[in-house]
Student: 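Have a look at this one before I ask anything.
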Amino acid sequence: MGSEGPPAAVTTVHVTGFKKFHGVSENPTETIVNNLMEYMKKRGLPKGLVIGSCRILETAGQGALVPMYQTLQFATTSKESESSSSNRIVWLHFGVNSGATRFAVERQAVNEATFRCPDEMGWKPQKVPIVHSDGAITRIRETNVPVEEITKALAKKGYDVMTSDDAGRFVCNYVYYHSLRFAEQNGMKSLFVHVPLFSTIDEDIQMQFAASLLEALASIC
């Protein structure tokens, strides 16, 4: 009795994807995130990892922020109520790059909203700061997740994956910037991953990739 030692570290991952949007009639991230919990139940969650939530966001700057911040705040409150400091929280965001042929693990986001087309709420900002109090549109926020290690682990498993320094300037970058800022302020981690269309890499492989990514986060973060 009394020799159990400190509790094992637990990593709680909150996952988001996006709905369809202009030019993308089926967003693979909506399917991946909607099916992820059930898929991981069958596959078996890696030791020490919990999926805290899976949410689908509007493909719109402001439209995505409300549900995302609700989830962020919920996780922050849950973290504060936990007595163990060994619990880690990771935000994992999936977005689609319809022109991509492989997976991309995004290292950073830029404080610039320049949408190539209106988002799903009709907003089309051009060269405006995402967070005005952060200053210029050249401001960059980098993830504190070890991107190179994650990418190498996934490549070893046979996935066609790369690291990327450019998450675009559309809604993906917009959400990632907000998430990185919130994570930094609250002692959490945030990561964004771009996936191709299912017509480029099929659904089964993308589900396997998402599972392998969770396993890598559990072992590396």
Student: Return the minimal non-hydrogen interatomic distance between Leu57 and Ala64, and the atom names on each side.
Tutor: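 Taking Leu57 first and Ala64 second, the nearest heavy atoms are CD2-O, 3.8 Å.
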Student: Measuring from atom OG of Ser179 to atom OH of Tyr174, what distance do you get when rounded to the nearest 0.5 angstrom?
Tutor: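 Going from the OG atom of Ser179 to the OH atom of Tyr174 covers 13.5 Å.
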Student: Quiz question: by atom type and distance under 3.5 Å, do the side chains of His194 and Ser164 form a donor-acceptor pair?
Tutor: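 Side chains of His194 and Ser164: no pair found under 3.5 Å.
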Student: Are Arg181 and Ser133 close enough, and set up right, to give a side chain to side chain contact (heavy atoms under 4.5 Å, CB included), and what steps lead you there?
Tutor: CA-CA 12 Å; Arg181 187 171 184 269; Ser133 60; 3.5 Å; yes
Student: If you round to the nearest 0.5 Å, how far is CG of Leu213 from CZ of Phe94?
Tutor: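 Here the interatomic distance stands at 5.0 Å.
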Student: So, does Asn87 use its side chain to make a donor-acceptor pair with the main chain of Thr12 at under 3.5 Å?
Tutor: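 No; judged by distance alone, with no hydrogens or angles, the pair does not exist.
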Student: Would you check if Leu214 and Leu36 make a side-chain contact, meaning some heavy-atom pair closer than 4.5 Å?
Tutor: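 Answer yes - side chains close enough.
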Student: Any link between Val147 and Ile220 through a network of hydrophobic side chains (Ile, Leu, Val, Met, Phe, Trp, Tyr) touching at under 4.5 Å?
Tutor: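 Val147 clusters together with Ile220.
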Student: Let's go through Leu92 and Val193 carefully: what are the C-alpha distance in whole Å and the side-chain angles of both, what is the deciding distance for side chain to side chain contact (heavy atoms under 4.5 Å, CB included) to 0.1 Å, and is it a yes or a no?
Tutor: CA-CA 8 Å; Leu92 175 58; Val193 177; 4.2 Å; yes
Student: Given side chains that start at C-beta, do those of Pro46 and Met40 come closer than 4.5 Å, heavy atoms only?
Tutor: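 With C-beta onward as the side chain, the pair touches.
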Student: Please report the interatomic distance CG(Asn144) to CG(Leu180), rounded to the nearest 0.5 Å.
Tutor: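 Between Asn144 CG and Leu180 CG, I get 8.0 Å after rounding to 0.5 Å.
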Student: Verify, without hydrogens or angle tests, whether Arg43 (side chain) and Ala211 (backbone) share a donor-acceptor contact under 3.5 angstrom.
Tutor: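 A pair under 3.5 Å: no.
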Student: Side chain to side chain contact (heavy atoms under 4.5 Å, CB included), that's the test. Do Gln206 and Phe103 meet it? Break it down for me.
Tutor: CA-CA 9 Å; Gln206 294 219 34; Phe103 301 104; 3.7 Å; yes
Student: Fit a plane to each ring of Phe192 and Phe18, take the angle between them on a 0 to 90° scale, and name the class: parallel (under 30°), tilted (30 to 60°) or perpendicular (over 60°).
Tutor: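 Phe192 and Phe18: tilted rings.
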Student: Do Ile56 and Asn27 come close enough that some side-chain heavy atom pair is under 4.5 Å?
Tutor: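 A side-chain contact is absent here, since even the closest heavy-atom pair is not under 4.5 Å.
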Student: Give me the atom names and distance for the closest heavy-atom approach of Lys47 to Ala218.
Tutor: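 The answer is O-CB, 4.4 Å.
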Student: Tell me whether Ile205 shares a hydrophobic cluster with Met207, the cluster being built from Ile, Leu, Val, Met, Phe, Trp, Tyr side chains joined at under 4.5 Å.
Tutor: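 Yes, Ile205 and Met207 fall within the same hydrophobic cluster.
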Student: Is there side-chain contact between Thr101 and Pro196, with at least one heavy-atom pair below 4.5 Å?
Tutor: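 No - every pair of side-chain heavy atoms lies 4.5 Å or more apart.
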Student: In the structure I gave you, are the side-chain heavy atoms of Ile32 and Phe198 within less than 4.5 Å of one another anywhere?
Tutor: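 Ile32 reaches Phe198 side chain to side chain.
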Student: Just by distance, do the side chain of Asp160 and the backbone of Arg102 share a donor-acceptor pair under 3.5 Å?
Tutor: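 Judged by distance alone, no pair lies under 3.5 Å.
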Student: Would you find more than 12 non-hydrogen atoms of other residues, nucleotides or ligands less than 6.0 Å from Met162 atom CE?
Tutor: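 Yes, CE of Met162 has more than 12 neighbouring heavy atoms, counting only those of other groups under 6.0 Å.
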Student: Checking the side chain of Thr143 only, and the main-chain atoms of Ser190 only, is there a donor and an acceptor separated by less than 3.5 Å?
Tutor: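 Side chain of Thr143 to backbone of Ser190: a pair is present.
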Student: Grab the two heavy atoms, one from Val175 and one from Met68, that are nearest each other, plus how far apart they are.
Tutor: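 It is CG1-SD, 3.3 Å.
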Student: How long is the straight-line distance from NZ of Lys127 back to CZ of Arg169, given to the nearest 0.5 Å?
Tutor: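 Going from the CZ atom of Arg169 to the NZ atom of Lys127 covers 8.5 Å.
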Student: Side chain of Glu149, backbone of Ala216: donor and acceptor closer than 3.5 Å?
Tutor: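 No; judged by distance alone, with no hydrogens or angles, the pair does not exist.
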Student: Before accepting this row, confirm whether a basic side-chain N of the pair Arg107/Glu148 lies closer than 4.0 Å to the acidic partner's carboxylate O.
Tutor: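 Salt bridge flag = yes for Glu148 with Arg107.
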Student: Can you confirm whether Tyr176 sits close enough to Leu191 that some side-chain heavy atom of one is under 4.5 Å from a side-chain heavy atom of the other?
Tutor: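 Sidechains of Leu191 and Tyr176: in contact.
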Student: Out of curiosity, Arg88 CZ to Leu49 CG, how far, rounded to the nearest 0.5 Å?
Tutor: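 Those atoms lie 9.5 Å apart.
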Student: Met37, Val90: one ILVMFWY side-chain cluster at the under-4.5 Å cut-off?
Tutor: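 Per the 4.5 Å side-chain linkage, Met37 and Val90 are co-clustered.
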Student: What pairs meet the ring pair (Phe, Tyr, Trp, His ring centres under 6.0 Å) rule with one or both residues in residues 128-151, with sequence neighbours excluded?
Tutor: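 Not a single pair qualifies under ring pair (Phe, Tyr, Trp, His ring centres under 6.0 Å).
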Student: So, for Leu217 and Ile150, which heavy atoms are closest and what is the spacing to 0.1 Å?
Tutor: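 Closest approach of Leu217 to Ile150: CD2-CD1, 3.8 Å.
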Student: Can you name the nearest heavy-atom pair linking Val161 to Ala155, along with the distance?
Tutor: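 In this case the closest contact between Val161 and Ala155 is CG1-N, 3.7 Å.
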Student: So, does Thr59 use its side chain to make a donor-acceptor pair with the main chain of Lys19 at under 3.5 Å?
Tutor: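 Yes, because the side chain of Thr59 sits within donor-acceptor range (under 3.5 Å) of the backbone of Lys19.
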Student: Of all heavy-atom pairs between Thr31 and Glu26, which one has the smallest distance, and what is that distance?
Tutor: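 What the structure gives for the nearest pair is OG1-OE2, 4.2 Å.
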Student: Counting only N and O atoms by type, is there a donor-acceptor contact under 3.5 Å from the side chain of Tyr159 to the main-chain atoms of Gln208?
Tutor: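 Flag set: sc Tyr159 to bb Gln208 pair under 3.5 Å.
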Student: Can you sort out the partners of Asn111 under side-chain contact (heavy atoms from CB on, under 4.5 Å), two or more places apart, ordered by chain and number?
Tutor: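 Result, side-chain contact (heavy atoms from CB on, under 4.5 Å) vs Asn111: Pro129, Ile130, Val131, Asp134, Arg139, Tyr177.
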Student: Check whether Asn186 reaches the backbone of Met188 with its side chain - one donor and one acceptor, N or O, closer than 3.5 Å.
Tutor: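 Not at all, since once roles are kept as given, no pair shorter than 3.5 Å links the two residues.
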Student: In terms of hydrophobic clusters joined by side-chain contacts under 4.5 Å, are Val15 and Phe182 together?
Tutor: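 In one cluster with Val15: Phe182, yes.
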Student: Would you check, one step at a time, whether the test side chain to side chain contact (heavy atoms under 4.5 Å, CB included) holds for Val50 with Leu45?
Tutor: CA-CA 7 Å; Val50 173; Leu45 276 167; 5.8 Å; no
Student: Counting only heavy atoms from other residues, nucleotides and ligands, does the tally under 6.0 Å from NZ of Lys152 exceed 12?
Tutor: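 No, not enclosed.
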Student: Measure the spacing between CZ of Phe170 and CG of Asp119 and express it to the nearest 0.5 Å.
Tutor: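 It comes to 6.0 Å.
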